[in-house]
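The structure displayed is predicted, hence computed values, not measured ones.
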Amino acid sequence: MSTNKKTRKYDMLKERKNVALLIHDFGDGGEGTEGGHGEGGNPKFSITLKGICKIETGEVAERYRKAHLERNGKYSQFIVGEDIAILAVYVKSARICDINDQVTTW
């Protein structure tokens with residue numbers, strides 16, 4: 001991930017390394033989301049990842065920046081620049097919840 005160094009988020013991540021990330025694909029609740037499945041029968045999930053955030057530097061940061069840019073080239077203003085930090089989250093655990101509130105812990 002990347003973030004601007006001139007933000008409160010960046011300042012907090014320098015001090016607090018423990019993080020939680022929420023990732024979900026529940027969609028807009030419209031058609032195709034009944035029974036825990038979305039369009040085409042694909043299941044819908046919310047995933048909470050807990051881990052340690054590290055502000056990467058040097059060669060590692062540049063390798064991650066390059067990969068991030070290759071996948072998100074339309075948003076280079078958020079990836080490339082002197083004030084842009086590269087963040088890595090080293091996942092320690094995950095909770096996966098489906099649209100029916102069934103939870104699995106990893």
Side-chain angles (χ1 to χ4, degrees):
M1 293 186 302
S2 57
T3 193
N4 194 302
K5 293 179 184 179
K6 296 178 182 177
T7 61
R8 183 173 176 213
K9 174 175 55 176
Y10 179 76
D11 291 340
M12 291 179 72
L13 289 171
K14 287 192 306 186
E15 295 181 24
R16 298 182 185 103
K17 303 298 182 196
N18 293 316
V19 297
L21 300 173
L22 176 63
I23 302 165
H24 67 88
D25 68 349
F26 286 155
D28 63 5
E31 282 187 48
T33 60
E34 292 184 27
H37 291 80
E39 192 174 317
N42 295 325
K44 297 294 185 174
F45 297 99
S46 172
I47 304 169
T48 302
L49 303 173
K50 291 185 180 181
I52 305 296
C53 181
K54 182 177 179 191
I55 299 168
E56 298 291 359
T57 60
E59 289 181 31
V60 172
E62 294 313 310
R63 185 173 70 232
Y64 290 163
R65 187 184 316 275
K66 180 181 176 191
H68 191 20
L69 192 58
E70 286 173 359
R71 290 170 182 82
N72 301 282
K74 292 180 182 179
Y75 304 101
S76 62
Q77 70 273 25
F78 300 110
I79 302 169
V80 179
E82 267 188 51
D83 291 327
I84 306 297
I86 297 297
L87 311 172
V89 176
Y90 296 89
V91 177
K92 301 290 184 185
S93 67
R95 289 177 50 97
I96 304 163
C97 179
D98 69 15
I99 201 162
N100 296 311
D101 205 25
Q102 300 298 309
V103 178
T104 303
T105 302
W106 171 85

When rounded to the nearest 0.5 angstrom, what distance separates [atom1] in [X] from [atom2] in [Y]?
{"X": "Asp11", "Y": "Arg16", "atom1": "CG", "atom2": "CZ", "value": "10.5 Å"}
{"X": "Lys14", "Y": "Cys53", "atom1": "NZ", "atom2": "SG", "value": "12.5 Å"}
{"X": "Ile86", "Y": "Lys66", "atom1": "CD1", "atom2": "NZ", "value": "13.5 Å"}
{"X": "Lys44", "Y": "Asp98", "atom1": "NZ", "atom2": "CG", "value": "12.5 Å"}
{"X": "Lys92", "Y": "Ile52", "atom1": "NZ", "atom2": "CD1", "value": "5.5 Å"}
{"X": "Thr57", "Y": "Glu62", "atom1": "OG1", "atom2": "CD", "value": "9.5 Å"}

### Query
Side chains of Ile79 and Arg65: closer than 4.5 Å at any heavy-atom pair?
yes
Take atom [atom1] of [X] as the centre, draw a 6.0 Å sphere, and report whether it contains more than 12 heavy atoms from other residues, nucleotides or ligands.
{"X": "Glu70", "atom1": "CD", "result": "yes"}
{"X": "Lys17", "atom1": "NZ", "result": "yes"}
{"X": "Tyr90", "atom1": "OH", "result": "yes"}

Heavy-atom closest pair, residues [X] and [Y]:
{"X": "Ser2", "Y": "Phe78", "result": "OG-O, 2.7 Å"}
{"X": "Tyr10", "Y": "Lys5", "result": "CD2-O, 3.3 Å"}
{"X": "Tyr64", "Y": "Ala88", "result": "CE1-CB, 4.1 Å"}

### Query
Where do Ser76 and Leu69 land on the side-chain contact (heavy atoms from CB on, under 4.5 Å) test, with the steps shown first?
CA-CA 6 Å; Ser76 62; Leu69 192 58; 3.6 Å; yes
### Donor-acceptor contact below 3.5 Å, side chain Asn100 vs main chain Gln102
no
### Message
Walk me through whether Thr48 and Leu21 qualify under side-chain contact (heavy atoms from CB on, under 4.5 Å).
### Response
CA-CA 6 Å; Thr48 302; Leu21 300 173; over 6 Å; no
If hydrophobic clusters are built by linking Ile, Leu, Val, Met, Phe, Trp and Tyr wherever their side-chain heavy atoms come under 4.5 Å apart, do [X] and [Y] end up in the same one?
{"X": "Met1", "Y": "Ile55", "result": "yes"}
{"X": "Phe45", "Y": "Trp106", "result": "yes"}
{"X": "Leu87", "Y": "Val19", "result": "yes"}

### Message
Under the criterion side-chain contact (heavy atoms from CB on, under 4.5 Å), I'd like the reasoning laid out for Ile47 against Leu22: C-alpha separation, chi angles, the key distance, then a yes or no.
### Response
CA-CA 6 Å; Ile47 304 169; Leu22 176 63; over 6 Å; no
